[in-house]
Amino acid sequence: MSSLRVRFAPSPTGMFHVGSARSALFNWILAKQSGGTFVLRVEDTDDARNQPEWTQGILDALAWLEVSPTDPAFEGPYYQSANVEAHVSAAHRLADIGAAYYCDCTRDDLVARTGHEKHGYDRYCRDRGLTAGPGRALRFRVPEGSSVVSDLIRGDVEFEHASMEDFVVLRGNGSPLFLIANVVDDITHRITLVVRGEEHFPNTPKQQLMWQAFGETPPVWAHVPVLVNEARKKLSKRRDKVALEQFRDEGFVMDAMRNYLMTLGWTPKGDAEIVPWADMVRDFSLADVVSSPAFFDLKKLAAFNGDYIRAMAPADFVAACEPWLAAWRDAHPGHRWSQDTFIRMAPFVQERAVTLADAPGTIDFVMLDEPVFDTEARTKVMNDTARALLADVIAAFATAEWEAETLKTTVEEIGATHGLKRGPAQGPVRLAVTGRLVGPPLYEPLVILGRGETIARLRALLAWEPTE
RNA sequence: GCCCCCAUCGUCUAGUGGCCUAGGACACCACCCUUUCAAGGUGGCGGCACGGGUUCGAAUCCCGUUGGGGGUGCCA
């Protein structure tokens, strides 16, 4: 494939939609594969919405995905709203050559004439020869016949022009609409391939007609399937969790996110879905993208994330957890943080974490003077057997060799004298030390805590009485 | 209403007329391992929406039905 000019055109909404992220990835790969260019265009015809922080949010999100603004393949950002004059003059050109006409009909006029709320424009002003003027919109004169949209993903689709209304390109106040602005910008940026969401498909024949009216060759189109929620509705900002930033903040790692996004509508070669980015860049092809909507499955994303976390080098994992650990420290003023201790505990965390945000909650008990108790579990577990067991463990721990394997054997043997198997036997001990019944392996943290503190915690739980 | 798209396990998908008694991944279940919870290992459950064609042969091609989705703004 020759050098492509693709464009990624998000609208500035204050957050980066996962669907946009997937589009960005597809476009980026296509640009890289062809040695072409990735053009970023911030699309909003209203200048007021092109806020710097929103643009920065887009740039940050792209950088997180390693779609880098400093890469030679990256061009932009361009602002649609900065190009309004070109949009307007292009529209005027359409009027000059007779490809568009002025219209002073209001919605009410139309409904009054046709008797239908939902039907399209009835072409009333088509041949009235109206000139430009206040309150007069400019409409594109859709010709007779039909258009074929050739789509890399969907094949050739024919649209009858008769079913297409004479759409507005310039408002009554003279400002351009998205439909034409988009076409003019694509022409000025010399875009050769448009990859965008399926929701734009019905607009494509209209845009293609405009390209032709301008005497230009339309780009190649590729409409990727929409992302849907469990109700199979298009993923929406209002209803669903869709902000890439939110996933990032909740501890999803970039590689997992990127890999998962790529599998929505496309599958890597072979049986594995988790594959290196380089392989995806090498193998991706629009021809292999499916055309049916894809459900954005949080569970599968979580599984991918756990997989990627487990694959990290230990030191990388420790570093990656830091933002969440720092937040935990801020939230727990009484902490006694030790980086060395965390590094010793990290393998236990890495083995079972779903997200990086799970890290603090797994090891907090070694960083606090007292564990945070699961009160329900405490009430349930603390019966006479548990008390007797704890008393025996305290006595044995006073002299036992302070080493994980020995402590384990000690607890198991004492448990046996109370008729408990090794699982149940460690329950009260785990509860005393960690505050919970589930968590990382127990005896290694005991070694870290030391004899004195371990026994103090065991005594504290033994002394505890239900309040009611 | 009109236009367009889509339809394989619960989910994401492989499959482009014989390699399909339909393969993988996530989820779920069981077992193994085990220091609780995980992780890991092994196995299992589970699908071509329906009806007609075409063909020696159809998940695959055609038509219809049904279901789902998108669009239909002087929104982007």
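Note: hydrogens, waters and symmetry copies are ignored here, and every other heavy atom, side chains too, is used. Below, chain A is the first sequence line, B the second, and so on; all start at residue 1.
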A:D271 CG to B:rA14 P, in whole Å, measures 12 Å

> If you look at every strand shown and take non-hydrogen atoms under 4.0 Å, does A:G270 touch a base, only sugar-phosphate, or nothing?
Replying inline: nothing

In whole angstroms, the gap separating C1' of B:rC3 from NE2 of A:H119 amounts to 12 Å

Taking a pair to mean Watson-Crick or G-U wobble geometry with both distances below 3.5 Å, B:rC45 pairs with none

Within residues 413-429 of chain A, the residues having a heavy atom closer than 4.0 Å to RNA chain B are A:R422, A:Q426

### Task
Mind checking A:N203 for me? I need base, sugar-phosphate or nothing, with any heavy atom below 4.0 Å counting as a touch.
base

With a cut-off of 3.5 Å and sequence neighbours excluded, list every side-chain donor-acceptor pair involving residues 274-296 of chain A.
{"unit_1": "A:S285", "atom_1": "OG", "unit_2": "A:A287", "atom_2": "N", "d": "3.2"}
{"unit_1": "A:D288", "atom_1": "OD2", "unit_2": "A:K269", "atom_2": "NZ", "d": "3.0"}

Quick note, A:V290 side chain, CB onward, closest among B:rC5, B:rU13, B:rG73 is B:rU13

query = Which part of the nucleic acid, if any, lies within contact of A:E165, taking any heavy atom under 4.0 Å across all strands shown: a base, the sugar-phosphate backbone alone, or nothing?
reply = sugar-phosphate

In whole angstroms, the gap separating P of B:rC3 from CD of A:Q208 amounts to 20 Å

Checklist entry - At under 4.0 Å between heavy atoms, what does A:F167 touch on the DNA or RNA strands: base, sugar-phosphate, or nothing? => result nothing

Has A:K233 got a side-chain N or O lying under 4.0 Å from the OP1 or OP2 atom of B:rG68?
no

### Query
Are more than 12 heavy atoms from other residues, nucleotides or ligands located less than 6.0 Å from atom CD of A:E199?
yes

Residues passing the side chain to side chain donor-acceptor pair (under 3.5 Å) test with A:E273, sequence neighbours excluded, are A:K300

Closest to the side chain of A:T267, out of B:rC26, B:rC6, B:rU13, is B:rU13

- Step by step, work out the ring pair (Phe, Tyr, Trp, His ring centres under 6.0 Å) result for A:W464 and A:F373. CA-CA 12 Å; A:W464 173 79; A:F373 277 98; 7.9 Å; no

Kindly say whether the aromatic ring centers of A:W266 and A:F26 come within a distance under 6.0 Å. no

The nucleotide from B:rG23, B:rU35, B:rC4 with an atom nearest the side chain of A:P441 is B:rU35

Mind checking A:R310 for me? I need base, sugar-phosphate or nothing, with any heavy atom below 4.0 Å counting as a touch. sugar-phosphate

Side-chain donor-acceptor distances from residues 425-446 of chain A under 3.5 Å, at least two apart:
{"unit_1": "A:Q426", "atom_1": "OE1", "unit_2": "A:R430", "atom_2": "NE", "d": "3.1"}
{"unit_1": "A:Q426", "atom_1": "OE1", "unit_2": "A:R430", "atom_2": "NH2", "d": "3.1"}
{"unit_1": "A:R430", "atom_1": "NH1", "unit_2": "A:P440", "atom_2": "O", "d": "2.9"}
{"unit_1": "A:R430", "atom_1": "NH2", "unit_2": "A:P440", "atom_2": "O", "d": "3.1"}
{"unit_1": "A:T434", "atom_1": "OG1", "unit_2": "A:R430", "atom_2": "O", "d": "2.8"}
{"unit_1": "A:T434", "atom_1": "OG1", "unit_2": "A:R436", "atom_2": "N", "d": "3.1"}
{"unit_1": "A:T434", "atom_1": "OG1", "unit_2": "A:R436", "atom_2": "O", "d": "3.1"}
{"unit_1": "A:R436", "atom_1": "NH1", "unit_2": "A:G361", "atom_2": "O", "d": "3.2"}
{"unit_1": "A:R436", "atom_1": "NH2", "unit_2": "A:D364", "atom_2": "OD1", "d": "3.1"}
{"unit_1": "A:R436", "atom_1": "NH2", "unit_2": "A:D364", "atom_2": "OD2", "d": "2.9"}

Whole-Å distance, A:F348 CZ to B:rG40 P, equals 17 Å

A:H223 NE2 to B:rC6 P, in whole Å, measures 13 Å

Can you check whether A:K300 has a side-chain N or O nearer than 4.0 Å to OP1 or OP2 of B:rA27?
no

Rounded to whole Å, CE of A:M280 lies from P of B:rA25 at a distance of 17 Å

In Watson-Crick or G-U wobble terms, with both distances under 3.5 Å, the base opposite B:rC74 is none

TODO: Report yes or no: do A:H418 and A:D392 form a side-chain donor-acceptor pair below 3.5 Å?
DONE: yes

Across every strand shown, the nucleotide meeting Watson-Crick or G-U wobble geometry with B:rC33 (both distances under 3.5 Å) is none

Counting any heavy atom closer than 4.0 Å, what does A:E351 reach on the DNA or RNA strands: base, sugar-phosphate only, or nothing?
-> base

Legend entry - N/O (side chain, A:R196) to phosphate O (OP1/OP2, B:rG71) under 4.0 Å: no

Please tell me if A:K408 has a side-chain N or O lying less than 4.0 Å from either OP1 or OP2 of B:rU35. yes

Per-pair distances, 0.1 Å, donor-acceptor, side chain in residues 146-160 of chain A, under 3.5 Å, sequence neighbours excluded:
{"unit_1": "A:S146", "atom_1": "OG", "unit_2": "A:E158", "atom_2": "OE2", "d": "2.8"}
{"unit_1": "A:S147", "atom_1": "OG", "unit_2": "A:H161", "atom_2": "NE2", "d": "2.7"}
{"unit_1": "A:S150", "atom_1": "OG", "unit_2": "A:D156", "atom_2": "OD1", "d": "2.9"}
{"unit_1": "A:D151", "atom_1": "OD1", "unit_2": "A:I153", "atom_2": "N", "d": "2.7"}
{"unit_1": "A:D151", "atom_1": "OD1", "unit_2": "A:R154", "atom_2": "N", "d": "2.8"}
{"unit_1": "A:D151", "atom_1": "OD1", "unit_2": "A:H223", "atom_2": "N", "d": "3.4"}
{"unit_1": "A:D151", "atom_1": "OD2", "unit_2": "A:H223", "atom_2": "N", "d": "2.9"}
{"unit_1": "A:D151", "atom_1": "OD2", "unit_2": "A:H223", "atom_2": "ND1", "d": "2.7"}
{"unit_1": "A:R154", "atom_1": "NE", "unit_2": "A:H223", "atom_2": "O", "d": "3.1"}
{"unit_1": "A:R154", "atom_1": "NH2", "unit_2": "A:H223", "atom_2": "O", "d": "3.1"}

Look at all strands and tell whether A:A137 reaches a base, only sugar-phosphate, or nothing, counting heavy atoms closer than 4.0 Å. base

For a quick test of reading the model: is some side-chain N or O of A:R171 closer than 4.0 Å to OP1 or OP2 of B:rC75?
yes

request  = Give a yes/no on whether any side-chain N or O of A:R352 is located under 4.0 angstrom from OP1 or OP2 of B:rU35.
outcome  = no

> Has the side chain of A:E273 got a donor or acceptor that lies under 3.5 Å from a partner of the other kind on the base of B:rG24?
Replying inline: yes

The side chain to side chain donor-acceptor pair (under 3.5 Å) partners of A:R113 (sequence neighbours excluded) come to A:D122

